[in-house]
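Worksheet for the structure shown next.
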Amino acid sequence: MTEIFSGLIPYILTGLQVTLEVTVLALGMGFLIGLALALLRVYGGKASSSIIAVVTMVIRALPHILLLLLAYFAIAAVVNLTPFWAGSLSLAIISSAYQCEILRGALLSVGAGQMMAARTLGMTRLQAIRHIILPQALRQAIPAWSNEAAIVVKDSSLVYVLGVPEILRKAQYYSARTYQPFTAFIAVAVVYFLLTFLTNRGLSALERKLRTPG
Amino acid sequence: MVEPIIRLDNIHKSYGKDDILKGISLEIMEGEVVVIIGPSGTGKSTLLRCINQLTVPNSGRVWVDGVELTDPKVDINKARRHIGFVFQDVNLFNHLNALNNISIGLKLVLGMPAPNAKEKALLELKRVGLEQKADLYPGQLSGGQKQRVAIARALAMDPRVMLFDEPTSALDPELIGEVLEVMKKLAREGMTMVCVTHEMGFAREVASRIIFMEHGVVVEEGSPEQMFANPQFNRTREFLGKISELYGKHTE
Ligand SMILES: Nc1ncnc2c1ncn2[C@@H]1O[C@H](COP(=O)(O)OP(=O)(O)OP(=O)(O)O)[C@@H](O)[C@H]1O
Ligand SMILES: [Mg+2]
């Protein structure tokens with residue numbers, strides 16, 4: 001029993017930092033890419049909008065593990081990245097397809113009248129998007145985004161297949177060494193549960209804090 | 001000769017096969033209050049939007065304050081600063097309180113420093129009688145208050161002309177009066193106004209001219225006295241007779 005607290009947990013937690021880094025990188029880069037795609041989808045030309053629609057649709061139709069491997073080998077063919085960076089970037093690309101959909105919906109939920117009112121004051125389209133549309137759309141997107149964040153927390157475990165030493169891989173090492181797979185994997189399950197739980201809690205607190213009165 | 005502050009020359013606008021505006025020409029002098037009336041779907045909103053190029057006409061030219069807005073080389077964002085526009089559905093920025101709804105344009109578009117913008121925004125709120133509501137968000141204001149903030153937002157930009165597109169028709173009847181009072185005050189202060197509205201009491205009191213539009217053309221125009229007492233066309237008489245039936249008794 002003491003082995004769990006003295007051996008297992010400290011060992012698995014050495015992978016926690018990697019898990020958190022992969023998650024934050026995938027979510028953050030996925031957000032930036034997804035936002036750019038969503039803006040092009042809503043405000044860009046017809047051609048770019050249709051291309052993005054098709055690409056994101058294809059990404060969303062495939063298993064994440066398959067996409068991760070595809071992206072990993074595609075990236076490896078072009079640049080020499082460590083598995084950690086290639087994995088995080090791959091997860092970011094996958095997540096960006098979902099975040100693009102979430103943000104597109106949020107942008108469209110801000111009525112056309114808001115843009116018109118901004119333009120009548122003499123704002124440029126860019127100013128209107130930046131100062132009028134986005135602040136409303138991003139608030140609106142938090143609940144759906146929080147769902148996606150939880151998915152990315154869980155998906156960070158996929159970089160396991162690339163050999164990145166995140167918590168799942170650590171648990172696997174531990175179980176191979178001690179022949180105690182259950183203890184190891186249950187410990188990881190608890191960690192993932194806490195991470196998704198805290199992510200959701202944190203984001204709903206943020207949503208309440210940012211909610212417009214009235 | 002004094003130049004008109006708004007001049008429309010032979011404006012045409014169509015959506016697909018539908019000709020909405022069929023060659024509208026109009027001259028409005030500084031200080032005039034022009035009321036545009038007409039049946040639904042006639043192109044009144046389209047005409048108003050053609051003035052500030054929110055809708056770009058297919059052909060024809062528009063001048064406001066000496067600048068041709070239909071000139072492809074014109075900086076339309078700059079030109080729009082001084083053309084106030086008030087929408088039927090208000091369109092206050094939902095994520096900003098009343099004060100910031102007004103100050104954002106001052107800061108972003110006119111480059112006014114934040115303290116000055118705040119001061120000016122408060123002044124404009126006072127002008128529409130809402131200085132106590134500065135901190136409230138659109139969702140916390142009544143329909144009439146929202147529309148008054150929207151008017152203050154437009155006024156803050158020091159517009160040369162104000163365009164109103166049925167500013168009271170989405171409001172509960174008991175809230176219409178407060179908005180009309182603000183508009184009448186503005187008219188008396190000499191603001192050039194183009195108002196699409198069926199509030200005939202307002203038209204009678206402050207309009208210098210009433211324009212009756214139907215099917216994308218101006219059917220008839222004249223002073224309120226002339227239009228109410230002695231319209232030239234039967235169609236005008238019919239429509240004026242039906243207004244209170246169509247748009248509610250309070251319009252008289
Ligand atoms: N963006 C658009 N695309 C297609 N048709 C449009 C568009 N905007 C307006 N129309 C059409 O143009 C016609 C005139 O519309 P407009 O809104 O100018 O009429 P209106 O006189 O303001 O009517 P109302 O009194 O109902 O406000 C309508 O038939 C409308 O359906
Ligand atoms: Mg209209």
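As the structure is a prediction and not an experimental result, all values here were calculated from the model. So that the names make sense, note that chain A is the first sequence line, chain B the second, and so on, each numbered from 1.
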Worksheet item: Should we count NZ of B:K126 as having more than 12 external heavy atoms under 6.0 Å?
Response: no
Worksheet, complete the sentence: Among residues 194-214 of chain A, residues within the sub-4.5 Å heavy-atom range of chain B, in order of number, are A:T212, A:P213, A:G214
Discussion item. Nearest 0.5 Å, please: how far is CZ in B:R81 from OG1 in A:T120?
Written reply: 13.5 Å
Discussion item. Within the supplied structure, the quantity of interest is the number of heavy atoms (other residues, nucleotides, ligands) at a distance under 6.0 Å from B:E174 CD; does it exceed 12?
Written reply: yes
Item to complete: Examine whether an atom of B:L92 lies under 4.5 Å from a heavy atom of chain A, and if so say whether it belongs to the side chain, the backbone or both; otherwise answer neither.
Response: backbone
Worksheet entry | Residue, of B:R80, B:Q140, B:R153, B:H95, that accumulates the most heavy atom pairs under 4.5 Å with chain A | B:H95
Discussion item. Quick check on B:K118: does its NZ atom have over 12 non-hydrogen neighbours (other residues, nucleotides or ligands) under 6.0 Å away?
Written reply: no
Worksheet entry | B:N52, part contacting chain A, at a heavy-atom distance under 4.5 Å | side chain
Practice prompt. Please determine, among B:L110, B:L108, B:N97, B:L136, the option with the most heavy-atom pairs under 4.5 Å with chain A.
Written response: B:L108
Worksheet item: chain B contacts: which residues in residues 121-153 of chain A have a non-hydrogen atom closer than 4.5 Å to it?
Response: A:L121, A:G122, A:M123, A:T124, A:Q127, A:H131, A:I132, A:P135, A:Q136, A:R139
Worksheet item: Quick one: what part of B:F87 sits under 4.5 Å from any heavy atom of chain A, side chain, backbone, both or neither?
Response: side chain
Worksheet item: Do B:N77 and A:R119 get their side chains close enough for a donor-acceptor pair, meaning under 3.5 Å?
Response: yes
Fill in: Interchain contact, B:R49 with chain A, by part (heavy-atom threshold 4.5 Å)
side chain
Worksheet entry | Atom pair CG/CE of B:L54 and A:M115 - distance to nearest 0.5 Å | 11.0 Å
